[in-house]
Amino acid sequence: RPAEPVYVPKGENKVAFDVPANYLPESRQQMAPAIVNRFADDTSSKVPVKQISLPDLSVPLQLGRREPFSLFIPKHRKLAARLIDIFLGMRTYDDFLSVSVYCRDRVNPEMFIYALSVAILNRPDTKDLPIPPLSEIFPDKYIDSGIFARAREEANVVPAGSRVPIEIPRDYTASDLDEEHRVAYWREDIGINLHHWHWHLVYPFETDIRIVNKDRRGELFYYMHHQIQTRYNAERLSNRLGRVKRFHNWREPIPEGYFPKLDSLVASRTWPARPAGAILKDINRPVDQLNFDLQDLERWRDRIYEAIHTGAYISPRGERVPLTEFGGIDVLGNIMEASILSPNQNVYGDLHNLGHVAISYCHDPDHRYLETFSIMGEPATAMRDPIFYRFHAFTDDVFLEHKNTLPEYDLQQVTIKTFSSIFANNTQSIIELFHRNLFEEIFKIRHFINTTSSTIVAQAVSHVVCNVAEVSHVGYVPFNAHNAHGIISSLCITLFMLYFIKFSLVKPGSNTIERKSTESSVTIPFERTFRNLDVNRPIGGDNLEQFNFCGCGWPQHMLVPKGKEEGFPMDLFIMISDYTGDAVEQDEPTGCKDAASFCGLRDRKYPDARPMGFPFDRRARAGVETLAQFLIGNMAVAQINIRHTDTILPRMRSGSMSNTLTFA
Ligand code: CUO
């Protein structure tokens, strides 16, 4: 285990809220002086909290403090939406801080963190505030509960400075008897799950409409989840598993079981497991105000298919409204999810969200065992379960059904004919190899502000070690973008590894272009995924990667699929098109923009005018059956080979292990 960076929190950095006595929970108000004294010794600064006349919190308080919270449950989202409204409605920053502090000790902690995060993200006066990553607030969503007991023991017995890291096993939820377990390391990757949580945080489906109504959010719901599917499929193929089979017959037993082995510290419960062969049932759980049948899901599904096949959806007034060539997918995304932008929830229902709910309650559909939802019931954890991908393969298939009704692209119109060749050399030998090396990284969980836990746990958890995988790539893709007639001054370059990597950039004239994988428009750096801010340095400069928006993005260490030891052949596709067809004229974005393909830009339009997934989002033109036949004009394909090695390497700083694509 690496001897170096074990994080030791420094007492002198402690900051405490100076809370009005009546803000403490009623049961603790008598102890107020003792509580204050507890912090007095080692607190370096206090943040004054203004006493205000508090808004009516009765709605969010309807969810008990120890109950699990799920965004997919309509009752919960309504309570959360109310809390978000309250946070957003506070006139000044001080008022917002005040009500947040008041709520922190009263409101359900999971709902509190969700609503607070959405509010911070969307209030003009808090946009630049850091939000600690969910893995620090609720590490129990990601880490085997046995680790916490060991961490407590370590913290109690071993003095600070002498503690050794505790390794989080990479491989603990099943044995090799379960073939799905071969990709458990991918599904259970904390960075992937954090990305998904952040995405749904940036794109909530039910709260103030001004927050929900972001540019092309329905289309991005389709596209981002579609990309998850394709990436997962590549990982499966790397591990000798077939592609995901869509889960569309909801009456059939589910062969994939999943036993999460996680315990919720907030709700004092074990996350329910799902044995192989589970069957979905009608849901009737008065305690959650949930009552729907599988038939409802089937009816909504059939109506969505009907809308696709007739090319029009039914408005609340009974009119048929066309699903247009470019805007239809956005409407369908909102219908499917469903977000409050769905044009007609009476007809099309709440298919995807309640699909999550039905699956997450299949072990106790009528609450007879007093059990709550499984990990499929919330975005922060759902991607751990194999059924997530089978269910989303279904939703993805519905979207593709719509895409298949659209006219094929006339790619002759969008590509540029003046480029004589793309790849400079023999394309068959361009990329030598990709390596994937495993390394180990201290997983620092240092803030751990879980309202129900003690400081002891916070200190101990900061010594947990987690195994993660990093990619180290070696390879070049030199290609020649020779603009023979000099007509085009701006280019858009699109790269796909199958469907995997896309970026665009603009360079006038003849170029040598170098592109690092760390500049991918879908990823964020490892440091940002885990928000390993150095708290001993001033926040700012290269230590500021902390905006919440910035937490959305595919983890860099998961950019490239695992590959195989003997090599896993893939195609790298490149297309050059006229940038004017892709450009979105708007002001430069502020804040993070590096994962814009997946997460959009804050307060801006989605930065690519083409349909998401272009040019592979529609049927190929008639007669085209292979990728080679698909190529025209300024497209080319390079054969690449992804090799996997198990070499353990010390981790290098990000940026020093990037995959450089050089265009000459
Ligand atoms: Cu992201 Cu089903 O939407 O999870």
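In this text, all values refer to a predicted model and were calculated from it rather than measured experimentally. Whatever order the structure lists ligands and atoms in, that order sets their numbers, starting from 1.
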Discussion item. So is F221 touching ligand 1 or not, going by heavy atoms under 4.0 Å?
Written reply: yes
Worksheet item: Cation-pi between R269 and F373: NZ/CZ under 6.0 Å from ring centre and within 45° of the ring axis?
Response: yes
Discussion item. Here's a test for you: under side-chain contact (heavy atoms from CB on, under 4.5 Å), which of N334, D617, T395, V398 qualifies with Y222?
Written reply: D617
Worksheet item: Any chance the side chains of Y305 and R301 put a donor and an acceptor closer than 3.5 Å?
Response: no
Discussion item. With a sphere of 6.0 Å drawn around CZ of R251, does it hold more than 12 non-hydrogen atoms of other residues, nucleotides or ligands?
Written reply: yes
Fill in: Modelled atom types, side-chain donor and acceptor of D288 and Y361, under 3.5 Å
yes
Practice prompt. Only protein N/O/S atoms count here: give how many lie under 2.8 Å from atom 2 (Cu) of ligand 1.
Written response: 3
Worksheet item: For the ring pair (Phe, Tyr, Trp, His ring centres under 6.0 Å) test, which of H248, H226, H356 pairs with H392?
Response: H356
Item to complete: Run the numbers for me: atoms of ligand 1, each under 4.0 Å from some heavy atom of H200, listed by number.
Response: 1 (Cu), 3 (O), 4 (O)
Worksheet entry | Donor-acceptor pair between Y185 and N239 side chains, under 3.5 angstrom | yes
